[in-house]
Amino acid sequence: MTELAYALDTFYFLVCGALVMWMAAGFSMLEAGLVRSKNTAEILTKNIALFAIACTMYLLVGYYLMYSSSAGGILPSLGFLLGGENSVDAVMAGGDDAPYYSARADFFFQVVFVATAMSIVSGAVAERMKLWAFLIFAVILTGFIYPVSGYWTWGGGWLAEIGFSDYAGSGIVHMAGASAALAGVLVLGPRKGKYGKDGAIYAIPGANMPLATLGTFILWLGWFGFNGGSELKVSDVTSANNMAQVLVNTNAAAAGGVIAALILAKAWFRKADLTMALNGAIAGLVSITADPLSPSALGATLIGGFGGLLVVVSIVCLDKLKLDDPVGAISAHGVVGIWGVLAVPLSNGDASFGAQIIGIFGIFVWVFVASLIVWLILKAVMGIRVSEEEEYEGVDLAECGLEAYPEFNVAKK
């Protein structure tokens, strides 16, 4: 039975990791749909490249930083590469200390999480950032910045010691990614033509709403692995029931987010704004990620619904502050990520608001300040923004030398 449980939990973990990896496609499609057609190829290049960089940097150094350090600390131990695989004897020994899934499965599941955090940055800085400056930042975030705060929490560091609770990463993954994105947006500045001198805000519509909608559905699907895999095992009755509850609550929160965002958009803008509905789904999912197990299904719907309302308000407010985020990533993942972390004590008696607030503050300050320093260094050394002419013509040609939607030309004879 021990071997069978080990095999089942390892397989479950790997499948959930594959679902989270599929979220990379969701982010790619969502972002590609919400930018202008002249910037589509570049943002797709960013998404596939950042995933490859995240996987490589986390393999080389990030995973060691996050999970190989002493309990309760602030600074992680430096080291490289993965450790050894679990031995057969350790598995067969049984008991509370015996591993119940492959160490390689754990790495595979965690590596797709760090890629998710970096994907959040991609959409927020879209349409005006230099590709290679972005990719260099991806190396630093995925290899060093994210693993440090990850060690504080899931790695058993000081935030774990004080009782900070974040089941699948509303704060650890989503708010962290949004914090890095906010630092980038502040250094980068808004797109040309987004804001007028008189305080006017000009909408810059995305090129492909069907693609953005497809991306949102892919993310919704991938989130079942994101939250479901965070149960960590499924080979006993309690864990299997927990897994089912997590998936039900994840789905309910996403639905609540869509409905709430759509109703608020209709009441506020007099239109059923599709982009707000899409962000409402993401907001509902982010809201419930910090604890998709403890609430009832109705409670999860309400938590996600409040996240859906919050994302609409946040997107409007950030625009008034002239913080240009083409896809609403800072709002959906950052502002709503904070709400998700704060919502945990509402249904989880083991969590406290004090520990949750300290965790939010600790993660935000570390990721934001570290990211801001890296962005400023990149700006000084190589520049992070394309020229005004390149921005006008589109970064597809300037950075990638091709267009995602080329015109059909008839060759002259």
Side-chain angles (χ1 to χ4, degrees), residues 12 15-16 19-20 22-23 26-27 30 113 116 165-175 213-232 234 237-267 272-314 328 331-333 335-351 356:
Y12 140 82
V15 170
C16 286
L19 279 172
V20 181
W22 187 231
M23 290 174 69
F27 279 114
L30 176 61
F113 271 53
T116 297
S165 179
D166 192 353
Y167 184 96
S170 289
I172 298 167
V173 179
H174 295 279
M175 189 191 71
T213 305
L214 174 63
T216 302
F217 273 117
I218 292 173
L219 288 170
W220 194 326
L221 172 65
W223 230 286
F224 296 135
F226 200 98
N227 288 354
S230 296
E231 176 61 22
L232 304 182
V234 74
V237 173
T238 299
S239 297
N241 287 341
N242 288 350
M243 170 76 162
Q245 182 68 29
V246 165
L247 264 60
V248 167
N249 283 352
T250 299
N251 191 63
V258 172
I259 294 168
L262 198 59
I263 291 173
L264 180 57
K266 176 62 176 176
D273 190 320
L274 173 61
T275 62
M276 292 300 180
L278 299 180
N279 270 307
I282 305 300
L285 291 161
V286 171
S287 297
I288 202 62
T289 293
D291 188 358
L293 178 60
S294 300
S296 65
L298 178 59
T301 305
L302 296 175
I303 290 171
F306 187 80
L309 299 176
L310 190 59
V311 76
V312 175
V313 174
S314 177
S331 296
H333 299 273
V335 175
V336 177
I338 292 171
W339 154 242
V341 173
L342 290 175
V344 173
L346 298 178
S347 57
N348 186 341
D350 294 330
Q356 298 302 92

Looking at [atom1] of [X] and [atom2] of [Y], how far apart are the two atoms once the value is rounded to the nearest 0.5 Å?
{"X": "Leu262", "Y": "Leu278", "atom1": "CG", "atom2": "CG", "result": "10.0 Å"}
{"X": "Leu264", "Y": "Leu310", "atom1": "CG", "atom2": "CG", "result": "10.5 Å"}
{"X": "Met243", "Y": "Leu232", "atom1": "CE", "atom2": "CG", "result": "11.0 Å"}
{"X": "Leu285", "Y": "Leu219", "atom1": "CG", "atom2": "CG", "result": "8.0 Å"}
{"X": "Leu302", "Y": "Ser287", "atom1": "CG", "atom2": "OG", "result": "11.5 Å"}
{"X": "Asp273", "Y": "Lys266", "atom1": "CG", "atom2": "NZ", "result": "11.5 Å"}

Verify whether one side chain among Ser331 and Ser314 offers a donor that lies under 3.5 Å from an acceptor in the other.
-> yes
Please check if any side-chain donor atom of Asn251 sits under 3.5 Å from a side-chain acceptor atom of Trp223, or the reverse.
-> no
Heavy-atom check, side chain of [X] versus side chain of [Y], under 4.5 Å:
{"X": "Val311", "Y": "Met276", "answer": "no"}
{"X": "Ser347", "Y": "Asp291", "answer": "yes"}
{"X": "Leu293", "Y": "Asn249", "answer": "no"}

Nearest heavy atoms of [X] and [Y], plus distance in Å:
{"X": "Gly307", "Y": "Ala283", "value": "O-CB, 3.4 Å"}
{"X": "Ser230", "Y": "Phe113", "value": "OG-CZ, 3.9 Å"}
{"X": "Val344", "Y": "Ala290", "value": "CG2-CB, 3.5 Å"}
{"X": "Val341", "Y": "Ser170", "value": "CG2-CB, 4.0 Å"}
{"X": "Pro345", "Y": "Gln356", "value": "CG-CG, 3.9 Å"}
{"X": "Ile288", "Y": "Pro295", "value": "CD1-CG, 4.1 Å"}

Could you tell me how the ring of Phe27 sits relative to the ring of His333: parallel (under 30°), tilted (30 to 60°) or perpendicular (over 60°)?
->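 Because their plane-to-plane angle lies in the 30° to 60° range, the rings of Phe27 and His333 count as tilted.
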Backbone of Gly228 reached by a side-chain donor or acceptor of Tyr12 within 3.5 Å = yes
Does any N or O in the side chain of Asn227 come within less than 3.5 Å of the main-chain N or O of Thr250, such that one atom is a donor and the other an acceptor?
-> no
Candidate list Ile282, Val286, Thr289, Asn279, test side chain to side chain contact (heavy atoms under 4.5 Å, CB included), partner Val336, passing option = Val286
